Each structure stands twice: as C-alpha cells, then as structure tokens.
Amino acid sequence: MIENKDPVLAALVRIEAKQEQMLENQQAMDEEIKEIRKECRKTAALYGGLGGMTVAAGWEMIKLKLGIGGG
C-alpha cells in the first residue's frame, strides 16, 4: 500500500508543534521572571529601608557625640 503523505507537510506539522512548545516554554519563563522581579523588589525595599535606618541612627549617634543637634 502506498502512503499518501507529503514529507513537506509532515515537516511543517513538526515545526508548528515545536513552535507551540517554544511559545509555552517562553510564557512559563516570563511568569517565573515576573515572580523573581517581584521578590527582588520586596528584598530591595526591605534592605533599602534597613540601610536608611542604619544611616539615620549612625548620624544621630555622631550628632550626640559631637554635641550638636539638640532635642
């Protein structure tokens, strides 16, 4: 029996399936990157706030030692 299957069409079907898989993978990676960025923003805000408090506390200690800045 002769199979009536065009090799070009078969190749196109495989290419389309691979493209769909790549698109799904890209969407999954985009979601992961979005989550990583969200976590980075939280971490940056936390450590930025802690750094600011540390600088402010250090500045207050310097002012107290030098006797400037009443209050």
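Quantities reported herein were computed from a predicted structural model and do not represent experimental measurements.
Residues passing the side chain to side chain contact (heavy atoms under 4.5 Å, CB included) test with Lys42, sequence neighbours excluded: Lys38, Glu39.
The side chain to side chain donor-acceptor pair (under 3.5 Å) contacts involving residues 43-59 comprise nothing, where partners must be two or more places apart or lie in separate chains. Annotation: side chain to side chain donor-acceptor pair (under 3.5 Å) contacts involving residues 13-22, sequence neighbours excluded, comprise Gln21-Asn25.
There is no path of hydrophobic side-chain contacts, each under 4.5 Å, that joins Met53 to Val55.
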